[in-house]
Amino acid sequence: MGQSIEEINKEKLVEIKKKEHFKKLLEEKNNEKYNLIDFLHEVQNIYGHLSRDIQITIAEEMGLPLSQIHSVVSFYSLFTTTPKGKYTIEVCMGTACYVRGSKDILDKLSKELDIEPGQTTEDKKFTLEGTRCIGACGMAPVVVINGDVYGRIDVDDLPEILAKYE
Amino acid sequence: MGTTEILVCGGTSCNSSGGPKIYKNLLMYIEEYDLRKKTRVIQPGCFGFCEQGPIVVIYPNGSKEGVFYCQLKEEDAQRIVKEHLVDGKVIEDFLYVDPKTGEKIAKHEDMDFYKYQQRIALRNCGTIDPLSIEDYRYRGGYKALNKVLKEMSSEDVINEVKRSKLRGRGGGGFPTGVKWEITSKVDGESKYVICNADEGDPGAFMDRSILEGDPHSVIEGMVIGAYAIGAQKGYIYARAEYPLAIDRTEAALEDARREGVLGKNILGSGFNFDLEIRIGAGAFVCGEETALITSVEGYRGDPQPKPPYPAQGGLYGKPTLINNVETLANIPIIINEGGKWYSKIGTKDSTGTKVFALAGDINNTGLIEVPMGTTLRDVVFNLGGGIPKGKEFKAAQTGGPSGGCLTEEDLDITLEYDSLLDADSMMGSGGLIILDEDSCMVDVSRFYLDFTQDEACGKCAPGRIGTKRMLEILNKITEGKGDVADLGVLKELAENIKKTALCGLCKSAPNPVLSTIERFEDEYLAHVKEKKCPTGVCEGLSKWIIEPDECRACGVCEPVCPVDAISGQRGEVYKIDPEICIDCGVCAKKCPFDAIHKA
Ligand SMILES: Cc1cc2nc3c(=O)[nH]c(=O)nc-3n(C[C@H](O)[C@H](O)[C@H](O)COP(=O)(O)O)c2cc1C
Ligand code: FES
């Protein structure tokens, strides 16, 4: 089944909005002193990722070598070059969560969604990630879905939590 | 009549277990019962007792004696308003129950978790509204800054800090006053102050809680530091994983500027200093000061060889003072109460208090602050309330990926910089992970090395290749493919990496491995000689089994096994022959009842 015309138009509109936002940001930054990492965070907030094309645009517009941008993007784990799903599930793999069984949770989610950590489901709904300590260790094990923090969870709680994101 | 203050914990933990809903409901019912004029509901930072969250503390009519309600649910807000605020009754159902005596306790000072604490760095966490500079002021905030700018020279400030014998809380334990003195003596027109809020140690959350609960204490500490060394500009480098801490710090910076304690001509003294937040992007090595500096400049966070130290050539090549969040939060108190007062707390060489993040297999997870020199036993069994489910204590891991493990025999060790080093561990930033008898120490050591190996920047060969080889060996051991010679190779690699790596990250990466080999050699030997994991954690060493109680004998697993290791009858029960099983795990994936797992 294909998408309806409205859906296609809506998606196009979203893309145009993103492009405008990106253009405005580039202009703004060109006129002031900026910090590359902060800037990349802002761009990633618009697109959800920093693909090679986006990096090339930044390099051209800002007059920076692409290698410099790429070196920063590839170094920091929070920058991603591939689009993510609608929901990103982050399973904390910090020490406190690990000793309270976060690996079982990651394994279970991996099985349930049929993707490996770092991958996105085919319907682009979920991205699964093992993440660094988010500082809620008192609630270990912790899972974060698009910013919502779920603490002290058990493998059996997962279906109920996932159901909220249908 | 004063107002009744109602404090609803707004730390990350309580926020994720329903705190904000309780807050909203409280406001709603206070409105409904027309109590708005007589109450003030605030969301302070973390109370520390995360295990018992969400927490609400009520201080009636300006009294200092609060009633502590814990493990609340959103619907409990109505009862709190009706029974406590309107009828003036303490609600027994919501009180904390002492696990040792079974008694209900209303005042937090009477709980073991708080009784042994001395809160200096955390003095305002959980008591004030972090978004209110007035609250901070009311508790003596910015008094120290006023005193510094009006009455003290920069040498006076440095001497006071030196007298306190405060040591850096970021892990290294370098004397803070000495660092300030060195940085102040370097000539330079522009200098910088940086607050290290990267807190990369997984399992540590004290810096986060301080910024979330009391951001002004850090800002005040930074302005005082800037005055002492002669800096005009500063940065707070925070992890992107801490959005709440960043938001609150951002708001506090604005308030501080508005109130004239930050920016131009601070408190009319003619001294200028301003601050900006820089946000990391997920790299542990950026907690290391030289890497942090390159990251603040906007580049990839590669560590740099020292010297030059940041004090000589730091940010943009200028003299730079870097201190940790907790270090800075201690400064205002030291100025107010005097360095001598501070130096009398704790032990001779480790003065003051230390905040620890208690996590892992422990009853009272949370944040505690105790005088240096408190024993590990006190922390685990008195404040921490011991090990859950009646299990045995096995080890305490301190110092995160750079530290080591302490065992039962070390329980009487005093928690301070030097005694921890003597025990082959380190203070680190204060993460304290407790492990119970079910933890496999080989797996723990593999876990830490996996972390450092993943985070190593790749700049130096020992860090890039050496840690990788070590991880490969540990993986082999946990999969049951190791042999005794591997232990020797591990130790040799570890010693070499410690000697030759470029920065602190990889220099200390082998520590958790060495410390566990030293203290739990038997466990390593069981893995390599008997090919057994005594705790059953290492999956590679365990076998697939079909749990008879969970198996519904549907027969799905039998035909999918590629080597015919599964036998049984539909409607009865199925079994896996461990001798034939090749460990592919296909049957477990197919089992509709999740009855197949490793054991
Ligand atoms: C690999 C590595 C990671 C570090 N991570 C942190 C950190 O997360 N937070 C911190 O304050 N210091 C960290 N440090 C220590 C800093 O390099 C630096 O010594 C410290 O920020 C100085 O502040 P202090 O003297 O107030 O402790 C780290 C050091 C190394 C080698
Ligand atoms: S270890 Fe998971 S939140 Fe800290």
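Throughout, a chain's letter reflects where its sequence line sits, starting with A, and its residues are numbered from 1.
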Residue [X] versus chain A: region with a heavy atom under 4.5 Å:
{"X": "S439(B)", "value": "neither"}
{"X": "A245(B)", "value": "neither"}
{"X": "Y299(B)", "value": "both"}
{"X": "I433(B)", "value": "side chain"}
{"X": "F284(B)", "value": "neither"}
{"X": "D594(B)", "value": "side chain"}
{"X": "C46(B)", "value": "neither"}
{"X": "V285(B)", "value": "side chain"}

Working to the nearest 0.5 Å, report the span between [atom1] of [X] and [atom2] of [Y].
{"X": "C133(A)", "Y": "Y242(B)", "atom1": "SG", "atom2": "OH", "value": "5.0 Å"}
{"X": "L36(A)", "Y": "R300(B)", "atom1": "CG", "atom2": "CZ", "value": "12.5 Å"}
{"X": "N15(B)", "Y": "D148(A)", "atom1": "CG", "atom2": "CG", "value": "11.5 Å"}
{"X": "E297(B)", "Y": "I37(A)", "atom1": "CD", "atom2": "CD1", "value": "10.0 Å"}
{"X": "R239(B)", "Y": "I134(A)", "atom1": "CZ", "atom2": "CD1", "value": "9.5 Å"}
{"X": "L432(B)", "Y": "C137(A)", "atom1": "CG", "atom2": "SG", "value": "12.0 Å"}

Look at the side chain of [X] and the backbone N and O of [Y], then say whether any donor-acceptor pair between them is shorter than 3.5 Å.
{"X": "N35(A)", "Y": "R278(B)", "result": "no"}
{"X": "T95(A)", "Y": "P202(B)", "result": "yes"}
{"X": "Y76(A)", "Y": "G301(B)", "result": "yes"}

(message) Within the 3.5 Å criterion, strictly below it, is a donor on Y98(A) or D443(B) matched to an acceptor on the partner's side chain?
(response)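 Yes.
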(request) Identify which of H41(A), K103(A), Q68(A), M93(A) forms the greatest number of heavy-atom pairs closer than 4.5 Å to chain B. (result)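 Most pairs with chain B among the choices: H41(A).
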(request) Look at R132(A), K111(A), R152(A) and state which one has the largest set of heavy-atom pairs under 4.5 Å with chain B. (result)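 So the answer, after comparing R132(A), K111(A), R152(A), is R132(A).
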(message) Out of A359(B), S295(B), G366(B), A204(B), return the one with the most heavy atom pairs under 4.5 angstrom to chain A.
(response) S295(B)
(request) Against chain A, work out which of G203(B), A283(B), S13(B), C50(B) has the most heavy-atom pairs shorter than 4.5 Å and name it. (result)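 Top count of heavy-atom pairs under 4.5 Å with chain A: S13(B).
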Neighbour count above 12 (heavy atom, 6.0 Å) for [X] [atom1]:
{"X": "H70(A)", "atom1": "NE2", "answer": "no"}
{"X": "K19(A)", "atom1": "NZ", "answer": "no"}
{"X": "E160(A)", "atom1": "CD", "answer": "no"}
{"X": "K124(A)", "atom1": "NZ", "answer": "no"}
{"X": "K21(B)", "atom1": "NZ", "answer": "no"}
{"X": "K590(B)", "atom1": "NZ", "answer": "no"}

(request) Please state whether the side chain, the backbone, both or neither of Q44(A) comes within less than 4.5 Å of a heavy atom of chain B. (result)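 For Q44(A), neither part sits under 4.5 Å from chain B.
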Provide the closest heavy-atom pair for [X] versus [Y] in the form atom of the first, atom of the second, distance.
{"X": "V99(A)", "Y": "L435(B)", "result": "CG1-CD2, 3.3 Å"}
{"X": "G94(A)", "Y": "F447(B)", "result": "C-CZ, 3.8 Å"}
{"X": "M139(A)", "Y": "S17(B)", "result": "CE-CB, 3.9 Å"}

(message) Any salt bridge linking R100(A) with D436(B)? Criterion: basic side-chain nitrogen under 4.0 Å from a carboxylate oxygen.
(response) no
(request) Kindly indicate whether the side chain of E241(B), heavy atoms from C-beta on, has any atom under 4.5 Å from the side chain of L78(A). (result) yes
